[in-house]
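Notes follow the structure.
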Amino acid sequence: MILRRLTIVLFALCVAAASPALAAGPVYPPGSRVGLEPASDLKLSQRFPGFEDPDRHVAVTIFDLPAAAYDQLSRSAFTVDQQGMTGVTRENFGFANGIGVLVSAQAQDNGAPVHRWFLVAAATPAAAQDLAMLIRVEVPEAARAVYSDAAVRAMLASVSFRTVPIEELLGLLPFKLTDLAGLRVARVVPDGVIVIDGTGDDMSKQPYAVVTAGRGAPDSPDDRGRFARDLMTTAPLRDLQLTSAEAMRIGGLQGSEIRGQATGLNGEPVKLVQWLRFSGAGGGFLRIVAIAGKDQWDAMFNRFRALRDGVDLR
């Protein structure tokens, strides 16, 4: 009996040693809903969303995309012309959170042979909302002893999805919010965030503000005034009327304040303010647009102003 148990233990150790080395659990690039267990010496890349082993020139690039992108990704996976790749194979491939199409092939990179894999999939609503993904793996022939077919397939089989924590998304923005003035983060959008008053997320019924960072602002004070007014007219409101506009310093930098009134999403009268703060470098600016019902405006304006003063560039 002792000999039998020892044999089983030794066999298990041999199997573990022969298995492709993976991380202890899925690792997600910052802000990405798609992650995997990186093989061997792969680390999170500082250059692109994914992982890389710079010494061996191995790269795993992860594209986290809206679900609408899946049809085009799927068609691309089955096109005849695969950009100079040879030995192309395609197969259905199961992974931790679903099933996709795996394309593998050989190619040349600056005259050196490389192996490439492409995993294309759409998430089910139960796994993730509005998500399609493309994962691209590139392994030079010289690195195949470490990143074998088995190792790459095991890594791709570990692909999983998640809901990205709000704090992680906020940490990726080019600014930080140091004073929410009692407002709550409702949604993080590209280069910005929507904050709202109260517990619900219906912006047609509750005061809210949108904080974004942008580029392309002019240097001239006169041009900045026109620039601010043009931005103000893009607010998704009807019957917009500007009631005041002035240049001012915000956070020690040149800025602008424009106030207005309009008809809200449900036909209700609203008031709004737009603040721009120009960074003075490369046309960068911070924009805050705050909106509240006409009867809520007086109670909200000072809170909106506190929010404005609590936005700092990183």
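Starting from 1, each residue takes its place in the sequence as its number. Values below: every heavy atom of this structure, side chains too, minus hydrogens, waters and symmetry copies.
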Check against side-chain contact (heavy atoms from CB on, under 4.5 Å), N92 and V101: CA-CA 5 Å; N92 291 329; V101 176; 4.3 Å; yes
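- Using a 4.5 Å heavy-atom cutoff, the side chains of T234 and Q274 are not in contact.
- Rounded to the nearest 0.5 angstrom, M133 CE and S32 OG are separated by 10.0 Å.
- Contact annotation: the side chain of D179 never approaches that of D309 to less than 4.5 Å [non-hydrogen atoms, C-beta and beyond].
- A donor-acceptor contact shorter than 3.5 Å is absent between the side chain of R56 and the backbone of D41.
- Panel note: side chain D130, backbone P66; no donor-acceptor pair is recorded below 3.5 Å.
- The aromatic rings of F304 and W297 lie tilted to each other, with the angle between the two planes from 30° to 60°.
- For the atom pair CG (L65) and CD (Q72), the distance works out to 10.0 Å, reported to the nearest 0.5 Å.
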Test side-chain contact (heavy atoms from CB on, under 4.5 Å) applied to M300 and L307, step by step: CA-CA 11 Å; M300 289 300 304; L307 172 73; over 6 Å; no
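- Around the CD atom of Q106, the shell of radius 6.0 Å holds more than 12 heavy atoms that belong to other residues, nucleotides or ligands.
- Among H115, H57, R116, the single residue meeting the side chain to side chain contact (heavy atoms under 4.5 Å, CB included) criterion with E138 is R116.
- Atom CD of E246 has more than 12 neighbouring heavy atoms from other residues, nucleotides or ligands inside a 6.0 Å radius.
- Between R153 atom CZ and F93 atom CZ the span is 5.0 Å, to the nearest 0.5 Å.
- Between P30 and L172 the shortest side-chain heavy-atom distance falls below 4.5 Å.
- Scanning both residues, E257 and R308, for their nearest heavy atoms gives OE1-NH1, 4.4 Å.
- Of all the heavy atoms in M155 and L36, the pair that sits closest is CG-CD1, 3.8 Å.
- Distance check: K271 NZ to Q241 CD gives 12.0 Å after rounding to the nearest 0.5 Å.
- Considering every non-hydrogen atom in both D312 and R277, the closest pair reads CA-NH2, 3.9 Å.
- Across all their heavy atoms, D149 and R144 have their closest contact at OD1-NH1, 2.8 Å.
- I196 and P207 make their closest contact through CG1-O, 3.4 Å (heavy atoms, listed as atom of the first residue, atom of the second, distance).
- In the hydrophobic clustering of ILVMFWY residues, with side-chain heavy atoms under 4.5 Å counting as a link, L169 and V210 come out apart.
- Criterion: ILVMFWY side-chain heavy atoms under 4.5 Å apart, direct or through other members. Under it, L134 and V88 are part of a common hydrophobic cluster.
- Between atom CZ of residue R90 and atom CG of residue L102 there is a gap of 11.0 Å, rounded to the nearest 0.5 Å.
- In this structure the side chain of V193 reaches within 4.5 angstrom of the side chain of F175, judged on heavy atoms.
- With hydrogens and angles disregarded, a donor-acceptor distance shorter than 3.5 Å links the side chain of S158 to the backbone of E37.
- A donor-acceptor pair under 3.5 Å is formed between the side chain of T243 and the backbone N or O of R259.
- Y28 carries R162 over the face of its six-membered ring, with the cationic atom under 6.0 Å from the centre and within 45° of the normal.
- By the criterion of side-chain heavy atoms lying less than 4.5 angstrom apart, applied directly or through intervening Ile, Leu, Val, Met, Phe, Trp or Tyr residues, V27 is grouped together with V34 in one hydrophobic cluster.
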Step-by-step side-chain contact (heavy atoms from CB on, under 4.5 Å) determination, F118 to L73: CA-CA 10 Å; F118 302 88; L73 291 175; over 6 Å; no
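- Exactly one of Q206, R303, R184 qualifies for a side-chain hydrogen bond (donor to acceptor under 3.5 Å, both in side chains) with D197. That residue is R303.
- Proximity of a side-chain donor or acceptor of S74 to a complementary backbone N or O of D71 within less than 3.5 Å is not detected.
- Among R47, R136, K43, the single residue meeting the salt bridge (charged side-chain N to carboxylate O under 4.0 Å, His left out) criterion with E52 is R47.
- Remark: R224 is not positioned above the aromatic ring of F285, lacking an NZ or CZ atom under 6.0 angstrom from the ring centre and at most 45 degrees off the axis.
- Under the ring-ring contact (aromatic ring centres under 6.0 Å, His included) criterion, no residue pair touches residues 178-210, with sequence neighbours excluded.
- Atoms CG and CZ, from L242 and R229 in turn, are 8.5 Å apart once rounded to the nearest 0.5 Å.
- Panel note: side chain E167, backbone P165; no donor-acceptor pair is recorded below 3.5 Å.
- E168 and P29 make their closest contact through OE2-O, 4.0 Å (heavy atoms, listed as atom of the first residue, atom of the second, distance).
- No donor-acceptor pair closer than 3.5 Å links the side chain of S104 to the backbone N or O of W117.
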L276/F227 under side-chain contact (heavy atoms from CB on, under 4.5 Å): CA gap, chis, key distance, verdict: CA-CA 10 Å; L276 295 185; F227 177 77; 4.1 Å; yes
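- Put simply, I258 and F278 are part of two different groups of oily side chains (I, L, V, M, F, W, Y) that touch within less than 4.5 Å, one to the next.
- A 4.5 Å side-chain heavy-atom check between F95 and F161 finds at least one atom pair inside the cut-off.
- Looking only at side-chain heavy atoms (C-beta outward), I62 and F51 come within less than 4.5 Å of each other.
- Taken together through direct or relayed side-chain contacts under 4.5 Å among Ile, Leu, Val, Met, Phe, Trp and Tyr, L173 and I166 form part of one hydrophobic cluster.
- Using a 4.5 Å heavy-atom cutoff, the side chains of S279 and L313 are in contact.
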